[in-house]
Amino acid sequence: ITQTGNSNDEGISNWAGDFGAFIDQDGDDNTGEITQGGDDNTALIDQEGDENSASITQDSDENTAEIEQDGDNNVSNVVQEDGDENSADVDQDGDDNTSNITQTGSENTAETDQDGDENFSSITQSGDENTAEVDQDGDENSSTIVQGGDDNLASVDQNGDENTSSVTQNGDDNVARVDQDSDENSATILQTGDDNIAAIYQGDGDDDGDGNTASITQSGDDNFASTMQGDGLLGDGDGAENSATINQIGDGNISVILQGVGVLFGEGNGDNNTASITAVGGGDDNLNLIAQGVGALGGEGNGDENSATISQGPGDDNIALVFQGVGIGGGATSGYATENTGSVTQSGDDNVGLVMQGVDIGEGVSHTGDNNSASVTQSGDDNFGVAFQGVGISDDYEDLILDTFEEIFGEEIDADALAFLSPFAGLTGTSNADGNTSDIEQSGDDNLALVFQGLNSDAEDNLSDVLQSGNENTALVDQN
């Protein structure tokens with residue numbers, strides 16, 4: 001069916017056999033509808049004009065639906081139910097477009113491409129091995145993807161301001177990725193199951209992004225979550241006043257938040273950012289990392305007035321790392337950060353909590369960081385709490401740390417602690433950091449607290465407070 005003109009209305013219905021239905025409309029106020037029942041169906045609607053509406057409904061297996069719209073105020077609906085190997089593709093170009101794709105079954109594939117302003121795309125898939133991808137280019141776009149089943153893959157790419165993206169996945173081995181390149185974007189990923197991967201990129205790699213919000217929630221084991229805001233990876237990234245939150249429940253999970261981080265000769269800039277990682281609910285063997293204003297491997301990181309918080313427990317053998325204003329590696333690597341706040345709270349046994357502020361690790365590294373605040377609170381036994389502030393870790397590492405510890409306490413440093421700190425040995429760096437505050441509080445037995453302020457650097461007016469309650473605990477504070 002081919003139509004040219006205004007106020008057209010057309011529909012095709014088939015209920016048996018192998019079908020192919022095609023509708024082509026050119027004009028205004030057009031409506032196209034295709035309904036097919038059977039196997040091996042193919043439906044195509046092509047509309048060009050304003051206020052078009054297209055709907056395709058197929059109830060069978062191996063269906064293929066494609067809708068293309070060019071104009072304003074377009075609405076596209078594709079529903080494929082109770083069938084396998086379905087594929088739906090919608091392409092919209094214009095303003096105020098809306099696209100809804102619903103597929104129920106296995107091995108479904110849905111893709112929506114929108115170019116314009118105020119676009120909305122929603123993809124719902126229930127089944128196994130589903131793939132959903134939404135690409136939006138414009139302002140005030142909104143994308144929602146809900147997938148239920150195993151081996152799902154969802155990817156959302158948005159260009160413009162004030163975009164909103166939400167991805168929900170249920171099952172195992174899911175992968176979700178959201179890329180946003182602009183300001184005041186919001187991205188949310190929710191995953192339930194094991195071995196899932198979630199990643200949100202906002203204002204990274206030569207893309208600027210301010211005022212963005214990222215949230216990832218995972219429930220299950222062996223999941224990985226990553227949020228990057230204003231970071232430079234082989235490129236420059238800028239981002240300020242961003243907020244990132246990761247919540248994980250389970251064992252063996254890994255979460256990483258990077259804000260204003262420069263890696264591999266890239267420059268990352270980020271100020272007034274907030275990062276929070278929560279791993280609670282009785283999980284063990286989790287690794288959580290927050291890096292703000294960090295330069296690594298020849299990169300440069302800049303970040304001021306950032307806030308980082310990590311909460312773990314109850315659980316055992318967890319590791320929490322906070323890096324603020326840290327230079328890592330050789331070459332031109334540098335990190336700059338002032339007036340940052342880093343906090344780690346852990347409950348359980350054999351946990352490691354580390355906060356680094358104004359620290360240089362590696363030859364040729366430079367860093368400046370003043371008026372930072374570090375806090376480590378641990379409850380349980382055999383925990384290890386460390387705070388580095390205004391520290392340049394050098395090749396006389398063993399004399400400054402290991403030998404000092406043995407001289408004061410008459411024994412060698414704990415084997416687990418030494419294994420954790422050993423990667424910092426044999427490195428050189430310089431640092432300047434003044435007016436820093438460190439607070440370590442431990443309750444339990446056989447805990448170790450280490451505080452280094454101004455070590456191998458020029459630092460003044462630093463304050464350290466260590467509080468331990470229990471038996472056979474050890475504390476070392478070194479201030480230059």
Side-chain angles (χ1 to χ4, degrees), residues 183-186 200 202-204 207-215 227-232 236-246 256-263 266-278 288-296 299-311 320-328 333-345 354-360 366-376 387-391 431-439 453-454 457 459-464:
D183 303 327
E184 301 181 13
N185 295 308
S186 176
I200 296 177
Q202 294 173 322
D204 301 296
D207 297 319
D208 299 337
D210 300 329
N212 295 309
T213 301
S215 177
T227 297
M228 301 178 63
Q229 295 173 320
D231 302 312
D236 297 335
D238 296 279
E241 300 182 3
N242 295 307
S243 175
T245 302
I246 296 178
V256 178
I257 295 178
L258 303 181
Q259 294 173 322
V261 174
V263 181
E267 179 177 342
N269 301 282
D271 300 328
N272 300 304
N273 294 308
T274 301
S276 175
I277 296 178
T278 302
N288 305 135
L289 167 64
I290 296 177
Q292 296 170 319
V294 173
E300 179 175 315
N302 303 278
D304 299 327
E305 301 181 13
N306 295 306
S307 175
T309 302
I310 298 178
S311 299
L321 308 175
V322 175
F323 293 165
Q324 294 174 318
V326 177
I328 304 174
T333 299
S334 59
Y336 304 91
T338 60
E339 300 184 7
N340 295 301
T341 300
S343 175
V344 173
T345 301
L354 170 65
V355 178
M356 277 191 174
Q357 296 170 323
V359 176
D360 299 328
S366 61
H367 172 72
T368 300
D370 301 326
N371 302 316
N372 296 304
S373 175
S375 174
V376 178
F388 283 143
Q389 293 177 316
V391 175
S431 178
N432 296 281
D434 301 325
N436 295 304
T437 301
S438 172
D439 184 4
Q453 294 175 320
S457 67
E460 299 176 347
D461 301 323
N462 294 306
L463 176 64
S464 175

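These figures come from a predicted structure and were not determined experimentally.
Heavy-atom minimum distance, Gln202 versus Ala214: OE1-CB, 3.6 Å. Taking each heavy atom of Gln453 and Leu463 in turn, the nearest pair found is NE2-O, 3.1 Å. Minimum heavy-atom separation, Asn306 to Gln292: CB-OE1, 3.3 Å. When all heavy atoms are compared, the tightest approach of Asn242 to Asn273 is N-OD1, 2.7 Å. Minimum interatomic distance between Leu321 and Ile310 (heavy atoms only, all atoms of both residues): O-CD1, 3.4 Å. Taking each heavy atom of Ile257 and Ala275 in turn, the nearest pair found is CG2-CB, 3.8 Å.
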Kindly indicate, with the supporting measurements, whether the criterion side-chain contact (heavy atoms from CB on, under 4.5 Å) is fulfilled by Thr227 and Val256. CA-CA 6 Å; Thr227 297; Val256 178; over 6 Å; no
Run the numbers on Val344 and Leu354 for side-chain contact (heavy atoms from CB on, under 4.5 Å), then give the verdict. CA-CA 8 Å; Val344 173; Leu354 170 65; over 6 Å; no
side-chain contact (heavy atoms from CB on, under 4.5 Å) between Asn185 and Thr213, worked out: CA-CA 6 Å; Asn185 295 308; Thr213 301; over 6 Å; no
Evaluate the side-chain contact (heavy atoms from CB on, under 4.5 Å) criterion for residues Ile277 and Ile290: first the C-alpha distance (whole Å), next the side-chain angles of each, then the deciding distance (0.1 Å), finally the verdict. CA-CA 8 Å; Ile277 296 178; Ile290 296 177; 3.6 Å; yes
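Looking at Asn371, its side chain never comes within 3.5 Å of a backbone N or O of Asn436 through a donor-acceptor pair. Side-chain N or O atoms of Gln357 include none that pairs as donor or acceptor with a backbone N or O of Phe388 at under 3.5 Å.
When Leu289, Thr341, Val355 are each tested for a side-chain contact (heavy atoms from CB on, under 4.5 Å) with Val322, only one passes: Val355.
Atom CG of Asn372 sits about 10.5 Å away from atom CD of Glu305, to the nearest 0.5 Å. Within the model, atoms CD of Gln324 and CD of Gln389 stand 9.5 Å from one another, a figure rounded to the nearest 0.5 Å. Atom CG of Asn272 is separated from atom CD of Glu339 by 9.5 Å, given to the nearest 0.5 angstrom. Taken to the nearest 0.5 Å, the CG atom of Asp439 stands 8.0 Å off from the OG atom of Ser373.
Residues satisfying the side-chain contact (heavy atoms from CB on, under 4.5 Å) criterion with Thr345, sequence neighbours excluded, are Ser311, Ser343, Thr377.
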